[in-house]
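Data first, discussion second: the structure below is written as structure tokens.
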Amino acid sequence: MGTSVKDLEYLLKKVLGLERDEKGDHIHYGLIVNGRPVAKTKLSHSWRGNTEISDQMLSLMAKQMRCSNKMWKALLLGNATKEDYFRELLANGYISQEEFDNLCGKK
């Protein structure tokens with residue numbers, strides 16, 4: 001069994017706390033840090049509940065979310081935490097140490 005839309009939406013909203021925007025032909029989710037977009041992805045309005053998302057689409061989403069495929073899949077499986085994801089963003093220069101600390105509730 002692959003990743004469902006329900007799994008993905010749970011990750012985006014509840015685990016990572018991304019902002020949701022339903023304007024247009026897709027549902028957009030974005031990670032906004034200090035007023036600037038750091039990562040974003042989108043879902044089609046036609047995707048419903050248990051619809052499985054292909055590995056190819058998950059790979060594209062990982063790229064949009066600025067993380068490795070390995071990290072993205074680990075997040076979806078519950079084998080990585082939001083802190084692990086933010087640590088990868090920090091290591092790749094997408095966020096600062098101060099932003100990492102704020103995102104992880106360390107300050």
Side-chain angles (χ1 to χ4, degrees):
M1 183 174 171
T3 301
S4 72
V5 174
K6 282 183 182 179
D7 297 335
L8 182 59
E9 287 188 312
Y10 180 83
L11 170 66
L12 295 171
K13 290 190 295 190
K14 301 292 185 186
V15 176
L16 298 178
L18 272 58
E19 295 182 22
R20 180 180 167 130
D21 181 3
E22 293 191 44
K23 296 176 187 164
D25 60 341
H26 291 88
I27 301 166
H28 297 264
Y29 285 91
L31 175 62
I32 309 300
V33 180
N34 291 329
R36 67 181 165 77
V38 172
K40 62 183 177 180
T41 193
K42 60 186 177 180
L43 308 178
S44 172
H45 280 291
S46 66
W47 294 357
R48 298 284 184 256
N50 290 323
T51 301
E52 286 192 24
I53 301 170
S54 71
D55 283 343
Q56 181 180 4
M57 186 58 67
L58 290 176
S59 178
L60 176 61
M61 288 178 171
K63 190 174 197 175
Q64 292 170 337
M65 293 301 295
R66 297 186 169 173
C67 66
S68 66
N69 286 335
K70 182 178 179 181
M71 173 60 70
W72 193 240
K73 288 181 180 180
L75 282 165
L76 286 162
L77 292 171
N79 296 331
T81 65
K82 73 177 185 177
E83 188 170 326
D84 296 327
Y85 170 68
F86 294 143
R87 189 173 290 112
E88 188 168 310
L89 292 180
L90 173 63
N92 291 322
Y94 293 114
I95 59 174
S96 68
Q97 182 65 51
E98 182 181 353
E99 291 167 334
F100 172 82
D101 293 341
N102 288 335
L103 288 166
C104 295
K106 295 187 180 213
K107 281 194 174 182

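The structure places CE of M65 at 7.5 Å from CG of L89, a figure rounded to the nearest 0.5 Å. Distance check: T3 OG1 to L77 CG gives 6.5 Å after rounding to the nearest 0.5 Å. For the atom pair CG (L90) and SG (C104), the distance works out to 9.0 Å, reported to the nearest 0.5 Å. Here the straight-line distance linking atom CG of L18 with atom CD of E9 works out to 12.0 Å at 0.5 Å rounding.
N92 is not listed as a side-chain neighbour of R66, based on a closest heavy-atom distance of 4.5 Å or more. Counting only heavy atoms from C-beta outward, the side chains of Q97 and D101 approach each other to under 4.5 Å. R20 places a side-chain heavy atom less than 4.5 Å from the side chain of K13.
When all heavy atoms of W72 and L12 are compared, the closest pair comes out as CH2-CD2, 3.8 Å.
Between L75 and the options D84, T81, L11, a side-chain contact (heavy atoms from CB on, under 4.5 Å) holds for only L11. Partner L76 forms a side-chain contact (heavy atoms from CB on, under 4.5 Å) with one of I53, V15, L8 and no other, that one being L8.
Between K106 and E83 a salt bridge is recorded (basic side-chain N to carboxylate O distance below 4.0 Å).
A continuous path of Ile, Leu, Val, Met, Phe, Trp and Tyr side chains, each step under 4.5 Å between heavy atoms, connects M71 with Y10, placing both in one hydrophobic cluster.
Partners of Q64 under the side-chain hydrogen bond (donor to acceptor under 3.5 Å, both in side chains) rule, at least two apart in sequence or in another chain, are T41.
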Give the table of side-chain donor-acceptor pairs shorter than 3.5 Å for residues 31-38, with sequence neighbours excluded, one pair per line with atom names and distance.
unit_1: N34; atom_1: ND2; unit_2: E99; atom_2: OE2; d: 2.8
unit_1: R36; atom_1: NH1; unit_2: Y94; atom_2: O; d: 3.3
unit_1: R36; atom_1: NH2; unit_2: E99; atom_2: OE1; d: 2.6
unit_1: R36; atom_1: NH2; unit_2: E99; atom_2: OE2; d: 2.8

Show me the side-chain donor-acceptor pairs of residues 55-63 shorter than 3.5 Å, one per line, residues at least two apart or across chains.
unit_1: S59; atom_1: OG; unit_2: N69; atom_2: OD1; d: 3.4
unit_1: S59; atom_1: OG; unit_2: N69; atom_2: ND2; d: 3.4

